[in-house]
Amino acid sequence: MDTRFLDTFLAVVRRGSLADAALELDITATAVAQRIRTLEAELGVKLLERAGRSVRPTEAGYAVVDRSAALLRVLRELRTAVRGGEIIGKLRVGAISTAQTGLFPGVLGRLSRQHPGLEVVLEPGTSSELYAKTLAGEVDASVIVKPGFVLPKTVEFRSWRSEPLVLLAPHDETGRDAITLLETRPFIRYDRRQWGGRLAADYLDRRGIVPAQRFELDALEAIAVMVDGGLGVSIVPEWAGPWPEGLRLNRIDLPPPVPVRELGLLSLRGTAQMHLIRKLAETALDANDLARGAGAAAQP
């Protein structure tokens, strides 16, 4: 089957007439009619019927409409994959909150300029939620915190960014080390149900520190605001930002070994969207390298 016949049929359905479809496709109405007749002969059913001055799909025609758009999209993606041409398609990508605000804006900007035919739809969630959705095929890939367990062989994790944990303290807390502050100040805990929060909790457990917990929150931005307000100290990753404006915070190094929250792109191996996922990963790594280079250049 010549896929141009399906494209022509869909154009006729959109326009409601053979003549209007011919104008859209820049061919003659006779050519449109011939393509429709050929398609009907190949499928063995009538696809269009008259409705006043326009045409509309028959019951069989509606069945073809329902399936043709997806079929043509898959064929375009297949041609892209085997020919190495323009990147065209749609990706459903899960992302934790700090990846959405701090990492994806730059990546999506580069993708839209370099590959305007690639559409990325972001879906928010926690690392554990998005991990499950990726394995279930509900999203094509996810930017999550690398889990602390061995990944199954059916998935691939591409590291994107490493974020060491630091102690956040109010700006007027100077001259005291991280351990002293953890033992003497109220503690605002990064939610232990988050994989990043679990890293902070394990660090405290290994050092035998039991801080005086005041709050437990899953939003890093909210934790930073509370620390700035003098409500306590917290252990958080050095996330990419943007951080809330106007905050005055001390970022104090933790005694080694310092846990690192590793962000990366999780996807199933062998998926039909693999060439699009690779392009997303390449763009993300390029953007990350560019950001590190700009940061290094800004150092005195």
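Numbers here simply count residues along the sequence, with the first being 1.
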Which atom pair, heavy atoms only, marks the closest approach of [X] to [Y]?
| X | Y | value |
| --- | --- | --- |
| L165 | R261 | CD1-N, 4.1 Å |
| E238 | R161 | O-NH2, 3.0 Å |
| L130 | E123 | CD2-O, 3.9 Å |
| V227 | A169 | CG1-C, 3.5 Å |
| A51 | R56 | CB-CD, 3.8 Å |
| V12 | L48 | CG1-CD1, 3.7 Å |

Determine, step by step, whether R37 and E40 satisfy the salt bridge (charged side-chain N to carboxylate O under 4.0 Å, His left out) criterion, reporting the C-alpha distance in whole Å, the side-chain angles of both residues, the deciding distance to 0.1 Å, and the verdict. CA-CA 5 Å; R37 284 195 296 269; E40 289 177 332; over 6 Å; no
Modelled atom types, side-chain donor and acceptor of [X] and [Y], under 3.5 Å:
| X | Y | answer |
| --- | --- | --- |
| S54 | R15 | no |
| T30 | T28 | no |
| R185 | S234 | no |

Value rounded to 0.5 Å, distance of [atom1] in [X] from [atom2] in [Y]:
| X | Y | atom1 | atom2 | value |
| --- | --- | --- | --- | --- |
| E156 | L265 | CD | CG | 8.5 Å |
| T154 | L135 | OG1 | CG | 5.5 Å |
| L263 | S127 | CG | OG | 7.5 Å |
| E173 | L167 | CD | CG | 9.5 Å |

Cluster overlap V121 with F104, hydrophobic side-chain contacts below 4.5 Å: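 Different clusters: V121 never reaches F104 through Ile, Leu, Val, Met, Phe, Trp or Tyr contacts under 4.5 Å.
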Residues D202, R198: salt bridge by 4.0 Å N-O rule: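 Yes, charged N to carboxylate O under 4.0 Å.
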Of D191, I188, I223, which meets side chain to side chain contact (heavy atoms under 4.5 Å, CB included) against E216?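 Answer after filtering D191, I188, I223: D191.
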What I'd like to find out is whether the side chain of [X] reaches to under 4.5 Å of the side chain of [Y], using heavy atoms alone.
| X | Y | value |
| --- | --- | --- |
| I179 | P255 | yes |
| V13 | Y62 | no |
| L182 | R207 | no |
| I209 | F187 | no |
| V225 | E221 | no |
| L10 | V65 | yes |
| I277 | R158 | yes |
| V93 | D140 | no |

[atom1] of [X]: more than 12 outside heavy atoms within 6.0 angstrom?
| X | atom1 | answer |
| --- | --- | --- |
| R67 | CZ | no |
| R176 | CZ | yes |
| R53 | CZ | no |

Cation-aromatic face contact R251/W243, 6.0 Å, 45 degrees: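 Geometry flag: set, cation within 6.0 Å and 45°.
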Suppose we call two aromatic rings close when their centres sit under 6.0 Å apart. Are Y190 and W195 close by that rule?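 Not close enough - the centres of the two rings lie 6.0 Å or further apart.
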Are Y131 and F157 near enough that their ring centres are under 6.0 Å apart?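 Not close enough - the centres of the two rings lie 6.0 Å or further apart.
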What verdict does the side-chain contact (heavy atoms from CB on, under 4.5 Å) test give for V55 and E49, after you've listed the backbone C-alpha separation in whole Å, the side-chain angles of each residue and the deciding distance to 0.1 Å? CA-CA 6 Å; V55 294; E49 61 186 5; over 6 Å; no
Report the C-alpha distance between R193 and T126 in whole Å, list the side-chain angles of each, state the deciding distance to 0.1 Å, and finish with yes or no for side chain to side chain donor-acceptor pair (under 3.5 Å). CA-CA 9 Å; R193 293 172 298 180; T126 65; over 6 Å; no
Any sub-3.5 Å donor-acceptor pair from R92's side-chain atoms to E138's backbone N or O?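 Looks like yes, one N/O pair under 3.5 Å.
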